[in-house]
Every structure is written in C-alpha cells, then in structure tokens.
Amino acid sequence: MDPIIEPKVLRGFRDSLPRTELLRKKIRNTLEREFTLFGFVPIDTPALEYSEILLGKGGGETDKQIYRFLDHGKRDIALRFDLTVPFARFMARYSGEIILPFKRYHIAKVWRGENTQRGRYREFTQIDFDIVGVDSASADFEILMVMQRSFTALGVKKFKIHFSHRELLKEFLKNYGLEMNYVSILRIIDKTKKIGKAKVKDLLTELCAASQADDILEFIKIEKNDSLTLNKMADALDPDIEAFRRIDEIFKCIEECGLSEYFSFDPSITRGLDYYTGLVYETFLMDLPEIGSVCSGGRYNNLASLYTREKLPGVGSSIGLDRLISALEELKLSDPVEEGSNLIILFLDDSLLAAYQKMAAQLREAGLSVDVFPQKKKLAVQFNYAEKRTIPLALIYGETEHKKGVVTLKDLRTRKSYENLKLENAINTALELLRS
RNA sequence: GUGGGUGUAGCUCAGGUGGUUAGAGCGCCAGUCUGUGGAACUGGAAGUCGUGGGUUCAAGUCCCAUCUCCCACCCCA
C-alpha cells in the first residue's frame with residue numbers, strides 16, 4: 001500500500017464545514033442587504049497582483065508579511081494583504097468609467113504571513129465599504145450609519161462607534177512642536193484602550209517631556225458627555241478650524257436620526273495607519289470589549305496617489321468577518337443554522353428508485369428542498385441520518401403505499417405520521433408543517 | 001519574527017520513577033428487530049502514541065530537531 005498523505009492544512013489556513021460556511025453566508029447576506037439599501041455596489045479584484053502594485057515603489061514589505069513569489073513567467077507577484085490597496089489601483093485604472101461619487105463594497109479573502117493566534121489567521125475575509133470622490137460630512141455620516149445599521153441588522157444591541165478627527169490631535173501636537181512625531185504618537189495613543197494610560201504615558205515620555213505627555217493624555221480623555229469633550233478640545237485649540245465644523249455636522253446627523261446611543265466622541269481614537277486624514281472611528285461591542293474593534297476606518301484625502309495624479313478623497317470602513325463571527329458566536333447572536341433540507345424521501349424498496357426521484361422532482365417544484373436517501377437501509381438508520389442533519393420531514397413510500405397510490409408524511413420533530421395522503425396533499429401538508 | 005505552553009482512536013481523556021500484543025467513555029458500523037428511529041443487549045472496525053532523528057537490551061514515557069494549535073509581544077482584521 002502507498003503511504004497515506006496526512007490531510008493537513010497550512011498554518012493559519014482553515015477549512016470551513018457546512019455549519020460554519022452557512023453561518024458565514026448568512027452574515028454576508030445580512031450585510032450585503034444593508035449595503036444595497038444604501039446604494040453600495042459590489043466589486044472584486046484579483047487575489048494576485050504585481051508586487052509593485054501592492055508594495056508601492058519603495059517595497060516596504062517589512063510590516064505586512066506579504067506572500068510574495070515569482071510565477072512561471074518570472075513575474076514578481078504577491079497575494080493581496082488588504083482590500084484597500086487593490087481598490088486604489090482599481091480606481092486609478094477605471095477613473096474614466098466610474099461615476100463619482102462611487103460607493104462600493106468588497107467582500108473577499110486576504111492573506112498575511114503573520115504569526116497566528118486565536119481569531120488571527122493567515123487567510124481571512126475582509127469586508128470593506130467606501131465612498132470615494134467626495135469629502136463631505138454627508139459621506140462621513142453615511143459610512144457611520146451603514147455601520148450602525150449593519151450591527152443592528154446582525155442582532156447586536158449593545159455596541160458603540162467611537163469616533164474622532166485626526167486634525168484635532170494634529171493641531172494640538174503642532175502647538176507643542178511635536179508634529180514631526182505625529183505618526184509615532186498616534187500609534188501610541190491608539191493603544192490606550194489596550195495597555196492603559198500609565199503605559200501610554202511611559203511610551204510618550206520617550207518622545208516628549210513628561211508634562212507634555214500629561215497634557216496629551218488630558219486632551220484625549222473622554223469627558224462626561226460629548227459636548228464637554230468637544231468644549232475641552234475647543235479650548236485647547238483654535239475653535240474655528242475646519243475639523244470642528246465637520247464634527248459638528250456629523251453630530252447633527254446623528255442626533256437628527258436619533259442614533260446618539262450608538263456613537264461616542266472619543267479623541268483617543270486615532271488609528272494606527274498613517275493615510276487617514278480626517279474622521280476616524282472604531283466599533284466596540286459593549287459585552288465583549290476585550291476583542292477590540294470589530295469595524296473601523298476613516299477618511300483619507302488621497303486614496304490612489306501611488307497610481308494616478310488624480311486626487312481621490314474618500315471615507316471607508318473595514319470589518320474582519322472571522323473576528324465578527326467569533327464575536328457573534330460568543331454573544332450567542334448567531335442562531336444555529338439548519339444544514340439539512342426540508343424533507344427526506346426514505347428508501348424502502350429498490351424497485352421504487354425511479355419513483356423516489358420523480359417525487360423528489362415534484363416536491364422541489366413546489367419549493368421544498370428535498371433529499372432522497374440514496375440506498376435501501378434499515379429505517380432506523382435512515383431516521384437517524386435525517387435527525388442528525390436536522391431534516392424536519394420524511395416521506396415514506398413503500399410497497400403498501402405504492403399499491404394504494406398514496407404516501408405517508410412524517411414530522412420527525414413530533415414523530416407524528418400523516419397517512420394515506422395523495423402526493424399533492426402531502427406537499428400541502430408539508431408546506432404547512434414547515435411554516436409552524 | 002521573539003518568548004512560553006501544547007500534541008495519545010472521529011471526539012473527550014487515562015496511560016507513577018522507560019519494560020512484553022496502548023486503554024476507557026462517547027461516536028461509528030453490524031446484529032437481536034423482512035416497513036416506522038432517540039432504550040437495552042451482543043459483536044465489530046478504528047491509533048505511523050504530531051513528524052523525524054538520537055540515547056537504551058528496551059521509549060507513548062528521556063534528549064534534540066521540526067510541525068500544529070494555544071498564550072504574550074509585535075502588528076492589526
């Protein structure tokens with residue numbers, strides 16, 4: 001005998017069993033329905049791109065742990081590690097055909113060769129949605145509302161979208177002459193929720209004076225309510241700057257739509273990525289704060305600068321589907337998915353094989369999803385199979401039924417039989433039982 | 001990438017200080033039961049002890065390497 005090859009999968013990669021896959025599909029459908037209600041349209045891009053496209057000219061591969069290799073034609077290529085960079089390339093390529101403002105969503109797998117951990121894989125699905133081609137409060141708010149609607153549609157009740165505006169902090173740091181450390185300071189502040197204020201202060205004092213670190217921490221603190229927080233910031237800065245006006249307008253939208261309970265102005269939100277220029281936000285599940293943000297993003301003023309001279313502002317958001325699913329499961333918000341069909345036709349007699357298939361076709365015509373047990377076996381085995389696959393109904397048709405020209409329908413959930421039914425009556429009864 | 005832990009049948013786990021053919025429960029298959037299943041009983045299949053080396057007369061048990069998963073850092077989704 002040949003040796004057996006172990007059916008293993010690559011580290012950080014996973015199979016998805018029907019139960020999981022059905023759940024993923026359901027969540028995708030829910031989200032896609034929301035996106036569509038807002039007028040977003042789907043796009044897709046290739047998994048593989050020229051490395052130059054993904055890495056930029058400098059080829060800063062260090063951070064992203066990109067899967068990169070030569071193909072058979074010696075092309076230097078790589079697997080996409082996010083959906084934003086391919087989107088930028090996409091926009092540059094089709095700038096002539098796409099009508100702006102453009103609202104798209106993109107649900108696809110991405111790959112990163114990073115070290116694995118629970119909820120962190122090397123292949124995972126990302127859900128991005130963006131509005132590009134405008135820089136306006138309306139677009140900013142619309143993205144926030146898509147997020148709010150999406151989580152509500154998924155059945156999440158207690159969540160909060162924390163948002164801020166990067167310009168505010170930038171201005172603040174400029175006053176202190178710290179703008180050259182802008183990005184490093186942003187990254188440190190971004191960790192506040194995770195590592196706590198004391199540690200953040202330690203890290204900050206490596207970059208500036210201790211008193212300045214205190215001032216920064218004071219600046220990013222959330223006050224009792226949003227307007228107090230805003231007032232504090234307005235006192236520290238020139239209250240006339242554009243960022244305040246933008247935040248004001250967003251607040252008006254939130255209030256007007258009655259969504260205040262879902263939003264919180266939080267100056268400690270900065271996002272680690274350096275391409276954000278305006279609004280930034282993260283979403284937290286109140287019953288599961290430890291998993292961090294489940295949906296975040298922000299405004300950028302130049303999406304595709306690497307690939308085109310055209311300036312393309314936008315605002316967008318990204319959800320990690322895998323993390324979202326494990327969160328929903330932990331919160332018991334993902335109702336168990338039925339993986340079976342509606343009805344199974346039991347196999348009692350070899351001579352009736354064709355009759356079973358014909359009946360199945362008729363039942364499917366009526367909109368039922370139908371399994372035919374594929375071979376003759378003990379009834380107990382057939383019933384057990386149906387039960388394991390959570391098939392609620394069974395159709396029994398053997399010699400006795402065949403002679404009488406009737407069928408027996410059985411509700412496997414209640415174990416109640418409905419005998420001597422004509423097939424049409426059985427179909428109606430089945431549809432009725434499924435509705436209950 | 002750095003540091004720590006882990007790995008025995010499909011699943012959950014037993015297997016003091018190395019010693020003959022590696023066990024249990026659940027699950028699976030078959031039968032008792034020629035057309036109405038969740039019970040019981042009887043029997044059965046199933047394990048390269050993660051993988052590869054080494055030490056030893058002898059290794060699931062000790063040593064080394066490697067892989068997996070988990071935890072922290074990093075980074076983020």
Side-chain angles (χ1 to χ4, degrees), chain A residues 1-14 17 60-66 80-84 106-128 186-188 190-191 193-195 199 203 270-274 276 282-284 290-297 316-327 344-352 373 376-391 393-404 407-419:
Chain A
M1 258 218 318
D2 289 332
I4 283 171
I5 298 165
E6 197 190 334
K8 61 188 174 187
V9 298
L10 241 29
R11 164 179 214 175
F13 288 69
R14 299 165 304 154
L17 269 57
E61 193 182 355
T62 41
D63 273 7
K64 293 291 184 184
Q65 300 289 349
I66 295 171
R80 64 176 172 221
F81 56 87
D82 74 5
L83 263 24
T84 306
H106 191 181
I107 303 177
K109 282 183 173 175
V110 300
W111 296 267
R112 293 182 197 173
E114 285 178 308
N115 224 337
T116 58
Q117 230 167 85
R118 182 163 51 98
R120 285 184 58 176
Y121 309 99
R122 290 183 170 177
E123 178 183 65
F124 55 97
T125 300
Q126 225 169 290
I127 301 170
D128 275 29
L186 280 188
R187 290 216 170 124
I188 295 170
D190 195 40
K191 291 177 191 164
K193 289 208 172 44
K194 206 172 171 189
I195 64 177
K199 279 202 165 173
L203 290 171
T270 62
R271 307 291 299 137
L273 301 171
D274 54 6
Y276 291 120
E282 299 187 354
T283 310
F284 299 95
E290 67 277 8
I291 66 161
S293 173
V294 287
C295 175
S296 36
S317 217
S318 176
I319 300 176
L321 182 61
D322 306 84
R323 187 179 283 187
L324 176 63
I325 287 176
S326 64
I344 185 162
I345 296 176
L346 302 189
F347 198 119
L348 302 186
D349 200 314
D350 286 321
S351 66
L352 296 173
F373 199 85
K376 187 174 171 181
K377 281 222 175 182
K378 276 205 314 200
L379 276 186
V381 172
Q382 301 195 39
F383 281 127
N384 278 328
Y385 168 82
E387 186 181 45
K388 263 182 224 151
R389 297 209 49 220
T390 59
I391 297 171
L393 300 173
L395 194 76
I396 297 159
Y397 182 70
E399 211 181 326
T400 33
E401 285 87 357
H402 176 60
K403 274 182 193 148
K404 288 200 241 170
V407 299
T408 298
L409 182 70
K410 182 160 172 165
D411 189 328
L412 301 174
R413 299 164 297 188
T414 59
R415 304 210 167 185
K416 198 170 155 196
S417 286
Y418 302 83
E419 292 177 24

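This one's a predicted model, so the numbers in the text were calculated from it and none came from an experiment. In what follows, chains carry the letters A, B, and so on, assigned in the order in which the sequence lines appear, proteins first and then strands, with residues in each chain numbered from 1. The figures that follow rest on heavy atoms only: side chains count, while hydrogens, waters and symmetry mates do not.
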Candidate nucleotides [options], ranked by approach to the side chain of [X] - the nearest:
| X | options | answer |
| --- | --- | --- |
| Arg120(A) | G37(B), A77(B), G35(B) | A77(B) |
| Asn115(A) | G1(B), G31(B), A77(B) | G1(B) |
| Leu348(A) | G37(B), A30(B), G35(B) | G35(B) |

Would you say that [X] contacts [Y] through its side chain, given a criterion of any heavy-atom pair below 4.5 Å between the two side chains?
| X | Y | value |
| --- | --- | --- |
| Arg122(A) | Arg11(A) | yes |
| Phe124(A) | Lys109(A) | no |
| Ile396(A) | Glu419(A) | no |
| Ile319(A) | Val294(A) | no |
| Asp411(A) | Leu393(A) | yes |
| Leu83(A) | Ile107(A) | no |

Rounded to the nearest Å, what distance is computed from the [atom1] atom of residue [X] to the [atom2] atom of nucleotide [N]?
| X | N | atom1 | atom2 | value |
| --- | --- | --- | --- | --- |
| Phe284(A) | C76(B) | CZ | C1' | 13 Å |
| Leu395(A) | U36(B) | CG | P | 17 Å |
| Arg122(A) | U68(B) | CZ | P | 7 Å |
| Glu114(A) | A77(B) | CD | P | 10 Å |
| Asp82(A) | A77(B) | CG | P | 8 Å |
| Glu282(A) | A77(B) | CD | P | 9 Å |
| Leu346(A) | G35(B) | CG | C1' | 10 Å |
| Gln65(A) | C75(B) | CD | C1' | 9 Å |

Would you indicate what [X] reaches in the nucleic acid, counting non-hydrogen atoms under 4.0 angstrom: base, sugar-phosphate, or nothing?
| X | value |
| --- | --- |
| Thr400(A) | base |
| Arg14(A) | nothing |
| Ile396(A) | base |
| Gly12(A) | sugar-phosphate |
| Lys388(A) | sugar-phosphate |
| Glu399(A) | base |

Please measure how far the [atom1] atom in [N] lies from the corresponding atom in [M], and state the result in whole Å.
| N | M | atom1 | result |
| --- | --- | --- | --- |
| G25(B) | A14(B) | P | 16 Å |
| C74(B) | U56(B) | C1' | 44 Å |
| A58(B) | G54(B) | C1' | 15 Å |
| G37(B) | G23(B) | P | 37 Å |
| U21(B) | C63(B) | C1' | 28 Å |
| C26(B) | C62(B) | C1' | 34 Å |
| U6(B) | C71(B) | P | 15 Å |
| G50(B) | U68(B) | C1' | 7 Å |

Does [X] put a side-chain nitrogen or oxygen below 4.0 Å from OP1 or OP2 of [N]?
| X | N | answer |
| --- | --- | --- |
| Arg11(A) | U66(B) | no |
| Lys377(A) | C29(B) | no |
| Arg112(A) | C75(B) | no |
| Lys378(A) | U36(B) | no |

Strand partner of [N], provided both Watson-Crick or wobble distances fall under 3.5 Å:
| N | result |
| --- | --- |
| G10(B) | C26(B) |
| G19(B) | C57(B) |
| G31(B) | C41(B) |
| A46(B) | none |
| A72(B) | U2(B) |

ask   = For the side chain of Glu401(A) and the base of G35(B), is some donor closer than 3.5 Å to an acceptor across the two?
value =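 In this structure, the two groups form a donor-acceptor pair.
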
Lys410(A) NZ/CZ over Phe383(A) ring centroid, <6.0 Å and within 45° of normal = yes

ask   = Checking Ser293(A) side chain against Thr283(A) main chain: does a donor-acceptor pair fall under 3.5 Å?
value = yes

ask   = If you pin Thr116(A) and Leu412(A) to their nearest nucleotides in RNA chain B, which one's is more 5'?
value = Leu412(A)

